[in-house]
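Numbers here are sequence positions counted from 1. For ligands, and for the atoms within them, numbers begin at 1 and follow the listed sequence. These values consider heavy atoms only, across backbone and side chains, with no hydrogens, waters or symmetry-generated copies. Here the structure is a predicted model, which is why all the values come from computation and not from measurement.
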Amino acid sequence: MPRVMDDAGAAELSALLQERVRKAIAEAGGWLPFDHYMAMALYEPGLGYYARGGAGIFGTLPGAAGAGSDFVTAPELSPLFGAALARQVAQVLRLGGLDEIVEFGAGSGALAAQLLDAMHAAGVPVRRYAIVELAGALRQRQRQRLARFGAQVQWLDAWPRDPIEAVVVGNEVLDAMPVKLLHFDGQGWFERGVAVAAEAHADADAGEGAAAPAAGRGFVFADRPSALRPPLAERALPGAVLEVHPQAEAFVATLAGKLARGAAFFIDYGFPEAEYYHAQRHQGTLMCHRAHRSDTDPLSDTGGKDITAHVDFTAIALAAQEAGAEVAGYTSQARFLVNCGLLALLQGADVRTVAAAQKLVAEHEMGELFKVLAFTRGLALPAAGLLGFREGDRTHTL
Ligand SMILES: C[S@@+](CC[C@H](N)C(=O)[O-])C[C@H]1O[C@@H](n2cnc3c(N)ncnc32)[C@H](O)[C@@H]1O
């Protein structure tokens with residue numbers, strides 16, 4: 001997929017975004033919590049990474065200069081991802097007598113197309129496929145990609161006012177929600193925020209704990225004492241920098257609270273709490289992606305690259321449960337897709353199709369790092385449970 005934006009255009013947008021971030025920092029008194037910075041870097045209207053909606057964000061090919069994509073997600077990798085997930089979605093639609101699917105963070109619209117095609121082929125009626133997408137430019141892209149489905153696909157500007165009776169899906173949406181950063185210096189906890197480089201220098205002189213800026217960067221990290229603690233804080237090593245996910249948890253709590261009948265499936269990279277906050281991972285999981293290359297410096301190239309953190313699935317499951325939903329399954333993507341019949345879908349497929357699908361389930365690719373978490377509400381499940389978790393359910397590890 002070619003990139004629509006040339007480098008000069010991208011640089012101009014980045015300069016505008018940086019100016020806006022500087023203003024936000026000034027208005028906040030010289031220090032912006034990292035989650036505010038991340039929200040602007042990704043979603044500031046017209047300027048943030050996703051808000052620009054560049055055609056190169058999603059795709060399959062590593063980007064040579066000026067072409068290709070920034071990262072690959074499962075629905076972009078293989079349509080069989082959607083075809084297998086569709087079997088799970090169909091099971092819940094039938095169980096609940098439902099005819100609506102809601103997708104959060106639909107990216108290029110690939111998963112929506114795969115699910116709708118599969119439902120059509122299986123003769124499962126879908127009255128409405130509703131998409132909630134934060135980035136306006138991506139909504140436009142989705143409209144083009146999904147035009148062939150007509151009025152069946154609708155975009156919601158906000159949370160539906162009525163209770164949700166639907167199957168909800170979200171692939172790699174939780175990892176794109178802004179996180180807070182917490183730093184443990186061996187004695188106390190600090191919230192890590194963002195300051196403008198020159199001012200941070202002055203603050204550092206005044207002993208406020210700002211790090212020295214790297215060359216060519218306008219922003220630096222700066223720490224403030226905080227009452228916030230990550231899960232398992234007592235295990236943290238001096239120097240640890242860990243993420244916590246209040247926005248993703250609030251999002252899931254709202255969804256679980258609004259869900260009256262149906263199920264929600266979130267697919268993403270992440271771990272249960274004990275693994276997430278293990279001493280070995282004491283520098284957290286924050287990563288940036290651009291053109292299939294990753295780095296760990298979210299303060300450079302603001303708006304020009306993705307910023308993401310792994311999902312703490314224990315926190316997500318608890319948020320859903322505390323809001324009244326029942327956790328109905330948690331397992332690896334590989335297990336989930338195989339349980340949903342991926343292998344049967346591959347019967348007779350050509351070598352390319354098999355190779356792409358293999359990446360969805362291979363342990364060293366997406367199969368093990370990616371997990372699927374499901375929660376339900378108002379649904380009587382069969383004794384064997386949901387299709388995708390029939391073998392290898394790991395809910396007990398959360
Ligand atoms: C990493 S992309 C994944 C896109 C797509 N699901 C896929 O798998 O290719 C994250 C998507 O989530 C959207 N997003 C992030 N936070 C959101 C929220 N609170 N509500 C709806 N969409 C959101 C982003 O704009 C983007 O489309």
Side-chain angles (χ1 to χ4, degrees), residues 1 35 38-60 69-82 84-85 101-115 129-143 145-146 154-160 164 168-179 245-255 258 264-270 285-290 292 294 303 305-311 316 319 333 337 356 359-360 366 369-372:
M1 222 183 286
D35 53 340
M38 182 168 164
M40 292 187 81
L42 297 182
Y43 303 110
E44 183 69 10
L47 300 177
Y49 175 75
Y50 283 110
R52 295 179 194 179
I57 294 183
F58 307 102
T60 51
S69 63
D70 288 340
F71 52 83
V72 180
T73 60
E76 305 291 339
L77 191 59
S78 166
L80 294 183
F81 175 77
L85 177 61
I101 300 172
V102 178
E103 182 178 1
F104 284 89
S108 73
L111 181 60
Q114 291 160 14
L115 287 176
Y129 193 106
I131 292 180
V132 185
E133 172 55 64
L134 211 55
L138 288 178
R139 274 202 295 271
Q140 268 319 104
R141 238 175 115 184
Q142 293 156 14
R143 274 184 214 284
R145 173 100 175 236
L146 301 170
Q154 292 169 23
W155 283 262
L156 307 181
D157 287 332
W159 286 98
I164 299 173
V168 177
V169 294
N171 186 61
E172 288 204 37
V173 64
L174 298 177
D175 75 63
M177 295 190 182
V179 295
H245 312 76
Q247 294 209 22
E249 287 164 37
F251 164 81
V252 166
T254 305
L255 173 61
K258 283 188 173 287
F265 297 87
F266 286 99
I267 304 125
D268 225 309
Y269 33 87
T285 70
L286 199 72
M287 291 293 284
C288 306
H289 295 284
R290 189 192 165 122
H292 292 257
S294 43
K305 60 188 182 183
D306 188 23
I307 307 176
T308 171
H310 286 38
V311 174
I316 296 301
Q333 176 171 296
L337 294 177
K359 290 194 174 157
L360 297 173
M366 302 175 95
L369 178 61
F370 282 69
K371 312 292 191 313
V372 185

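Checked by distance only, ligand 1 and Glu133 come closer than 3.5 Å through their nitrogen or oxygen atoms.
In this structure, Glu133 contributes its side chain and Ala106 its backbone to a donor-acceptor pair below 3.5 Å.
More than 12 heavy atoms of other residues, nucleotides or ligands lie within 6.0 Å of NZ in Lys258, so this atom counts as buried by the packing criterion.
With distances taken over non-hydrogen atoms, the option nearest atom 8 (O) of ligand 1 out of Leu138, Asn171, Leu42, Val132 is Asn171. Summarising the contacts of atom 6 (N) of ligand 1 with Ala74, Ala39, Gly105, Ala112, the nearest heavy atom is found in Gly105. Distances from atom 4 (C) of ligand 1 to the heavy atoms of Gly48, Pro75, Ala137, Gly107 show the closest one on Gly107.
Summary of contacts: the protein heavy atom closest to atom 14 (N) of ligand 1 is Val173 CG2, 3.7 Å. The protein heavy atom nearest to atom 1 (C) of ligand 1 is Tyr50 OH, 3.1 Å. Closest to atom 10 (C) of ligand 1, if we only count protein heavy atoms, is Glu172 O, 3.2 Å. Nearest to atom 17 (C) of ligand 1 among the protein's heavy atoms is Leu134 CD2, 3.7 Å. With respect to atom 15 (C) of ligand 1, the closest heavy atom belonging to the protein is Tyr43 OH, 2.9 Å.
For the pair Leu111 and ligand 1, no heavy-atom separation below 4.0 Å is found.
Contact annotation: the side chain of Ile131 never approaches that of Arg139 to less than 4.5 Å [non-hydrogen atoms, C-beta and beyond]. Thr73 places none of its side-chain heavy atoms less than 4.5 Å from the side chain of Phe370. Within the 4.5 Å cutoff, the side chain of Leu255 has heavy atoms near those of the Phe266 side chain.
Side-chain contact, Tyr269 with Thr285: no donor N or O sits under 3.5 Å from an acceptor N or O.
Near Thr73, meaning under 4.0 Å from any of its heavy atoms, are these atoms of ligand 1: 7 (C), 8 (O), 9 (O). Of all atoms in ligand 1, numbered sequentially from 1 with element shown, those under 4.0 Å from a heavy atom of Met177 are 19 (N). Numbered from 1 in the order shown, with element, the atoms of ligand 1 that lie under 4.0 Å from a heavy atom of Ala176 read 10 (C).
In this structure, the ring pair (Phe, Tyr, Trp, His ring centres under 6.0 Å) partners of Tyr43, at least two apart in sequence or on a different chain, are Tyr50. In this view, Glu44 and Arg20 satisfy the side-chain hydrogen bond (donor to acceptor under 3.5 Å, both in side chains) rule, not counting sequence neighbours.
Summarising the geometry, atom CG belonging to Leu47 is positioned 7.0 Å from atom CZ belonging to Arg52; distances are rounded to the nearest 0.5 Å.
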